[in-house]
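Take a look at the structure below.
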Amino acid sequence: MSANSYEPQTIENKFYKIWEDRKYFEVDGNKTIQEEGKNFSIMMPPPNVTGRLHIGHALTFTLQDIITRYKRMDGYKTLWQPGTDHAGIATQNVVEKQLLAEGTTKEEIGREAFLERAWAWKEESAGIMTEQLRKMGVSPAWERERFTMDEGLQKSVKEAFVHLYNEGLIVRGNYMVNWCTHDGALSDIEVEHEDHNGKFYYMRYPFADGSGHVEVATTRPETYFGDTAVMVHPEDERYKNLIGKKIRLPLLKREVTIIADEHVDMDFGTGVVKVTPAHDQNDYEVGKRHDLEFITVFDEKGILNDYAGEFKGLERLEARDIIVKRLEEEGFMVKIEDHKHQVGHCYRCKNIVEPYISKQWFVRKEVADKSIEKTNAGEAQFFPPHWINSYNSWMGELRDWCISRQLWWGHQIPVFYCDDCEHEFASQEEHPESCPKCASKNLTQDPDVLDTWFSSALWPFSTLGWGNGDTEMDKLFQSDDMKDFYPNTLLITGFDILFFWVARMMMMGEHFNGQLPFNHIYLHALVRDEKGEKMSKSKGNVIDPLDMINKYSADILRFTLAISAAQGRDIRMSTEKLEQNRNFTNKLYNATKYLQMNAETFPDMKKFCMQSDLGKYMASRLNFATKEVRANLEEYKFNDAALVMYKFLWNEFCDWGIELSKADKGSIIELGAIFKEAMKLLHPFMPFITEYLYHELSGTTLEDGGSIMIMSYPTKTKKRKEEAKFEIIMDAIVSIRRAKVLVDLANQKIEKAFVKIDGISNKDKKIMLPFITRLAKVENLEFTDIKIENSVSDIADLCETFIPTDSIDLSSIIAKLTKQDEKLQKEIGKLNGMLSNERFVANAPEDVLKKNHIALADAKIKQEKVLEQLSSLKA
RNA sequence: GCUCGCAUAACUCAGUUGGUAGAGUAUUACCUCGACAAGGUAAGAGUCACUGGUUCAAGUCCAGUUGUGAGCACCA
């Protein structure tokens with residue numbers, strides 16, 4: 001070790017390979033230190049199999065790895081379950097684009113060929129994400145890596161579906177759903193509501209008898225072909241008499257009736273509302289209440305149908321202006337106003353989402369009932385705790401979950417329809433032989449696939465073998481896994497998927513296993529750029545974690561994320577912060593270099609007793625840090641845990657421990673042992689450099705020796721009495737240094753100094769003397785019981801120090817102070833002159849006066865101090 | 001509209017059984033003394049958004065106000 005700084009790149013890749021090859025990440029990787037009855041499990045939120053590592057992943061996996069490594073070192077049988085998700089819509093979209101570029105479509109090549117393409121794309125890109133994860137230094141049980149569509153998990157999805165189906169908790173029905181004309185049905189949370197600068201169209205709806213008209217205001221004129229009523233508020237005096245009257249829709253022959261419904265807001269628009277039950281969520285409810293006709297005016301792709309008359313064949317959004325123009329020409333348009341409102345967009349393709357009546361599969365909301373109860377009974381705990389409020393409010397308004405998707409890539413719904421007797425049944429078999437009712441062999445499987453979140457909802461237990469049958473048992477999972485690892489100890493994920501994923505896991509986990517899937521749920525915040533803005537490709541402000549690893553190191557990126565991860569607070573990532581922690585790793589490297597200058601190798605702390613006072617003191621401080629780190633990790637306060645180590649290693653071990661050891665070389669071997677122990681403490685945060693430095697100091701190599709990652713995590717012991725002694729020593733050193741600054745001799749060696757410490761023994765004095773002498777740079781230090789005359793002094797918390805002025809050359813200092821005094825005197829004179837001038841006081845602006853008064857007061861205080869110093873020096 | 005955050009040094013942020021306000025960066029002065037200039041020593045810097053309440057004691061607990069961010073639900 002001779003370079004001036006640590007070179008992480010080669011070390012990180014080399015070490016990772018050794019760790020993984022030796023299976024340290026696996027459940028029994030720490031067999032030698034496992035303790036009976038201590039199990040820990042955490043599931044990796046499966047990233048998109050074709051995705052790429054971004055900074056959000058970097059945060060979430062860093063935190064997961066910290067806890068996992070900590071538990072593994074602390075003797076737990078540890079499962080960190082890795083895997084990837086098939087990401088239905090996203091992946092299908094990619095493959096469809098590929099086909100488009102080749103001039104073909106999925107319809108042209110057919111379902112089977114399409115799925116082959118999708119699997120090929122999955123195989124091709126699957127390894128990239130997991131390789132990128134390895135660069136982070138994370139330690140999941142890779143041998144158990146799962147994919148949400150692998151054989152075993154396909155079985156568990158079918159198992160879950162068939163169960164729910166037979167219990168009547170999965171049903172098929174014609175309901176109004178969120179419909180994307182590109183991606184098909186979406187669940188409620190897959191719709192993003194965004195502000196939209198639209199128009200408010202006031203349309204004239206004539207009475208059928210030609211006796212006049214009403215005005216109707218709408219944001220969506222193109223849906224009026226589906227109007228099956230017009231409604232007013234029953235109490236609205238303006239329109240009360242019109243209830244029951246007939247309207248003839250513009251340009252159409254069709255007539256509708258004016259009805260009364262309390263849903264109408266009399267103060268909004270004209271108070272007259274068109275009712276389009278098949279294209280509006282509220283109108284849908286109104287339609288059901290009043291038994292209206294449901295007229296669908298465009299098809300699944302958004303193309304207007306026969307009901308739109310002359311506009312048939314147009315796309316719904318493109319049709320609007322054309323329709324409006326025609327209505328204007330015919331005199332049906334009264335006015336058009338600007339109108340800001342919220343419009344739902346598809347979270348995937350940003351297309352405007354339509355409320356649309358469609359036959360879909362739903363999971364009934366009752367499935368969640370018990371999970372809500374148990375969560376509120378405290379069976380699972382949120383970190384930070386306030387998230388339970390969001391969870392509850394969402395769960396409280398839960399609606400049936402639409403789980404069918406008009407895609408080909410995913411888990412095809414395991415429901416079969418008999419072509420002969422129309423019987424419908426769910427089956428776990430891939431190809432059921434015959435209809436259970438009529439024994440016909442003409443069966444058709446439902447063409448749709450399940451929402452991706454349906455399979456991820458099972459993740460906390462499907463990966464433990466639930467519903468997998470014996471597919472790859474003893475390889476991907478063990479028969480005892482459910483017993484050992486369910487419920488999972490902990491879930492760590494971003495708050496943004498609380499509803500998408502966490503809530504769904506809670507309901508499924510509870511439903512199938514009678515217990516919530518997690519004891520603890522830690523929700524972390526967002527990583528933002530240095531200005532606090534959300535990162536996005538379009539803004540060009542993304543920080544690529546892989547770039548940061550190349551430029552700094554995985555250790556530095558991880559530590560920076562961890563030390564910034566205060567619960568519930570967004571993280572501002574910046575190169576400034578990364579550099580600060582790079583400096584920290586450099587400090588650790590150089591501390592090791594110092595230790596190595598003084599000894600070849602250092603023993604492990606457990607194997608010997610501390611002899612020196614300094615060794616005992618630093619060991620006591622390490623114990624304190626250990627206690628704090630453990631306490632913070634137990635509460636998932638990653639930032640606090642990281643800060644404790646930062647401060648211990650830098651501000652205590654390096655700034656004091658190493659410096660003090662220069663006065664007691666015999667203690668250095670002990671400091672080395674303490675430092676090695678501190679590397680274990682730090683290991684979960686910075687796995688690579690800690691492994692490296694540990695071996696450096698042990699005179700071993702990872703190649704030929706054991707790894708720090710499966711050594712026991714430091715345990716805390718008692719505080720030692722040496723702490724008090726060293727507090728005095730440090731106080732005296734700082735005090736003398738301060739006094740030296742006073743006489744302009746900072747950092748220089750001085751002849752003589754006195755220190756007055758009350759109530760210490762001669763033995764203590766003997767211990768303290770060399771440390772203070774060396775670090776305060778004093779030739780000749782004496783303890784005193786009385787105040788020393790003719791000296792500059794400094795009063796500290798635990799002592800008082802004196803530097804005699806006769807032993808140093810004061811002339812230059814006195815000259816400097818005299819000069820300062822003269823300058824201040826001049827300034828005071830000038831200000832006094834101005835302020836005692838009546839004309840100045842009368843005419844000067846107030847703020848100038850104020851400024852001068854303040855300046856005068858400041859100058860006077862300064863002068864006083866200078867004079868005080870002068871007199872003590874001259875005395 | 002409802003719910004949940006946040007407001008602390010010039011900047012970025014920590015700060016939970018309530019007990020004298022902390023870090024990093026920046027600033028000022030000094031220091032290349034054999035681990036480290038990506039460093040060291042010392043210093044300065046805060047009406048903890050505002051108003052009221054509880055308490056011996058409030059950055060911390062309670063109520064309200066202002067500003068700000070997020071989520072949910074919304075009027076066609």
Side-chain angles (χ1 to χ4, degrees), chain A residues 1 4-6 188-189 193 200-201 216-221 223-224 227 230-231 261 263-276 279-283 286 339 341-342 384-394 396-397 495-496 498-499 525-526 528 530-532 534 552 563-574 576-577 579-598 635 637 639-640 642-643 646-647 650-651 654-655 658-659 661-662 733-742 744-749 774-777 794:
Chain A
M1 223 170 117
N4 257 347
S5 61
Y6 168 65
D188 294 340
I189 41 174
H193 292 274
F200 214 20
Y201 302 87
V216 168
T218 180
T219 54
R220 305 201 54 196
T223 64
Y224 89 90
D227 288 3
V230 166
M231 65 177 168
D261 194 285
H263 170 72
V264 178
D265 178 351
M266 288 187 274
D267 302 323
F268 187 77
T270 60
V272 186
V273 186
K274 65 196 267 303
V275 184
T276 323
H279 292 283
D280 181 279
Q281 186 66 49
N282 287 310
D283 293 0
V286 173
H339 182 62
H341 61 131
Q342 295 245 306
H386 68 254
W387 281 112
I388 197 168
N389 295 319
S390 295
Y391 173 83
N392 271 331
S393 72
W394 191 74
E397 290 170 26
F495 71 89
D496 48 327
L498 175 60
F499 307 141
L526 211 66
R528 296 172 175 276
E530 56 196 317
K531 293 188 199 106
K534 221 169 165 170
Y552 298 99
I563 205 168
S564 311
Q567 272 183 24
R569 298 281 299 236
D570 285 347
I571 294 172
R572 284 200 198 188
M573 191 33 99
S574 64
E576 191 185 304
K577 282 181 181 156
E579 272 164 21
Q580 180 192 330
N581 294 313
R582 178 200 55 188
N583 296 352
F584 178 51
T585 57
N586 189 41
K587 194 75 181 173
L588 299 178
Y589 180 86
N590 281 297
T592 304
K593 253 171 57 177
Y594 168 82
L595 293 168
Q596 286 183 319
M597 277 169 38
N598 295 280
E635 293 181 69
K637 293 180 176 175
N639 59 323
D640 288 328
L643 190 63
Y646 184 95
K647 283 177 154 175
W650 196 319
N651 303 126
C654 290
D655 289 352
I658 286 185
E659 291 306 321
S661 78
K662 290 172 184 172
I733 292 164
V734 172
S735 178
I736 294 172
R737 284 171 177 170
R738 248 194 326 252
K740 290 203 297 188
V741 170
L742 212 63
D744 228 15
L745 290 169
N747 260 315
Q748 292 178 51
K749 200 158 213 176
R774 165 92 192 200
L775 270 69
K777 291 184 195 166
D794 180 87

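Everything numeric in this text was worked out from a predicted model, so none of it was measured. Reminder, nothing fancy here: chain letters follow the sequence lines and each chain counts from 1.
Among the nucleotides rG24(B), rA76(B), rA73(B), the one closest to the side chain of Tyr646(A) is rG24(B). Taking the side chain of Cys654(A) as heavy atoms from C-beta on, and the options rC4(B), rA35(B), rG40(B), the nearest nucleotide is rA35(B). Here the side chain of Ala566(A) is nearest to one of rG39(B), rU12(B), rA14(B), namely rA14(B). Residue Arg737(A) has its side chain nearest to rA42(B) when only rA42(B), rG22(B), rA76(B) are considered. Taking every side-chain heavy atom of Lys593(A) into account, rA35(B) is the closest of rA38(B), rA73(B), rA35(B). With distances taken from any side-chain atom of Asn747(A) to the nucleotides rA76(B), rC13(B), rC33(B), the minimum falls on rC33(B). When the nucleotides rU12(B), rA42(B), rA23(B) are ranked by their closest atom to the side chain of Lys577(A), rU12(B) comes out on top. Distance from the side chain of Arg528(A) is smallest for rG69(B) among the nucleotides rG69(B), rG24(B), rA76(B). Listed nucleotides: rG40(B), rG24(B), rA73(B). Nearest to the side chain of Asp655(A): rG40(B). Of the candidates rG24(B), rA38(B), rA76(B), rG24(B) carries the atom nearest the Asn651(A) side chain, counting heavy atoms from C-beta on.
Within 4.0 Å (heavy atoms only), Ile658(A) reaches at least one base atom of the nucleic acid. Residue Arg220(A) is out of contact with every strand shown, counting any heavy-atom pair closer than 4.0 Å. Across all strands shown, Gln342(A) has heavy atoms under 4.0 Å from base atoms, whether or not it also approaches the sugar-phosphate. His339(A) comes within 4.0 angstrom of sugar-phosphate atoms only, judged by non-hydrogen atoms across all strands, and of no base. Backbone-only contact: Asp640(A) has heavy atoms under 4.0 Å from sugar-phosphate atoms and none from a base. Residue contacts shown for Ser393(A) are absent, as no nucleic acid heavy atom lies under 4.0 Å away.
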Q. With Watson-Crick and G-U wobble geometry limited to distances under 3.5 Å, how should the secondary structure of RNA chain B be encoded in dot-bracket form, using | for bases paired to another strand and [ ] for crossing pairs?
A. (((((((..((((.....[..)))).(((((.......))))).....(((((..]....))))))))))))....
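Comparing the C1' positions of rG59(B) and rG46(B) gives an interatomic distance of 11 Å, to the nearest angstrom. Atom P of rA26(B) sits at a distance of 15 Å from the matching atom of rU12(B), rounded to the whole Å. Nucleotides rG24(B) and rU32(B) have their P atoms positioned 24 Å apart, rounded to a whole Å. Comparing the C1' positions of rG67(B) and rA14(B) gives an interatomic distance of 22 Å, to the nearest angstrom. rC13(B) sits 12 Å from rC6(B) when the C1' atoms are compared, rounded to a whole Å. Comparing the P positions of rU47(B) and rA9(B) gives a spacing of 9 Å, expressed to the nearest Å. Going from the C1' atom of rU20(B) to that of rA57(B) covers 11 Å, rounded to whole Å.
Side-chain N/O atoms of Arg582(A) include none lying less than 4.0 angstrom from OP1 or OP2 on rC36(B). The side chain of Arg738(A) contributes no N or O atom lying less than 4.0 Å from OP1 or OP2 of rU41(B).
Of the two residues contacting RNA chain B, namely Glu579(A) and Arg572(A), the nearest-nucleotide position lying further toward the 5' end is that of Arg572(A). Comparing Phe495(A) and Asn583(A) by the nucleotide of RNA chain B whose heavy atom lies nearest to each, the residue mapping closer to the 5' end is Asn583(A).
With ring centers used as reference points, Phe200(A) lies under 6.0 Å from Phe268(A).
For a distance-only test at 3.5 Å, the side chain of Lys777(A) qualifies as a donor-acceptor partner of the base of rC33(B). A donor-acceptor contact under 3.5 Å is formed by the side chain of Lys587(A) with the base of rC36(B). Side-chain N/O atoms of Glu659(A) and base N/O atoms of rA35(B) include a donor-acceptor pair closer than 3.5 Å.
A donor-acceptor contact shorter than 3.5 Å is absent between the side chain of Asn639(A) and the backbone of Ser564(A).
Considering only residues two or more places apart in sequence or on other chains, Ser735(A) meets the side-chain hydrogen bond (donor to acceptor under 3.5 Å, both in side chains) condition with Asp794(A), Thr801(A).
Ring-plane geometry between Tyr646(A) and Phe584(A) is classed as tilted, the angle between the planes lying from 30 to 60 degrees on a 0 to 90 degree scale.
In this structure, CE of Met231(A) is placed 7 Å from C1' of rA76(B), rounded to the nearest angstrom.
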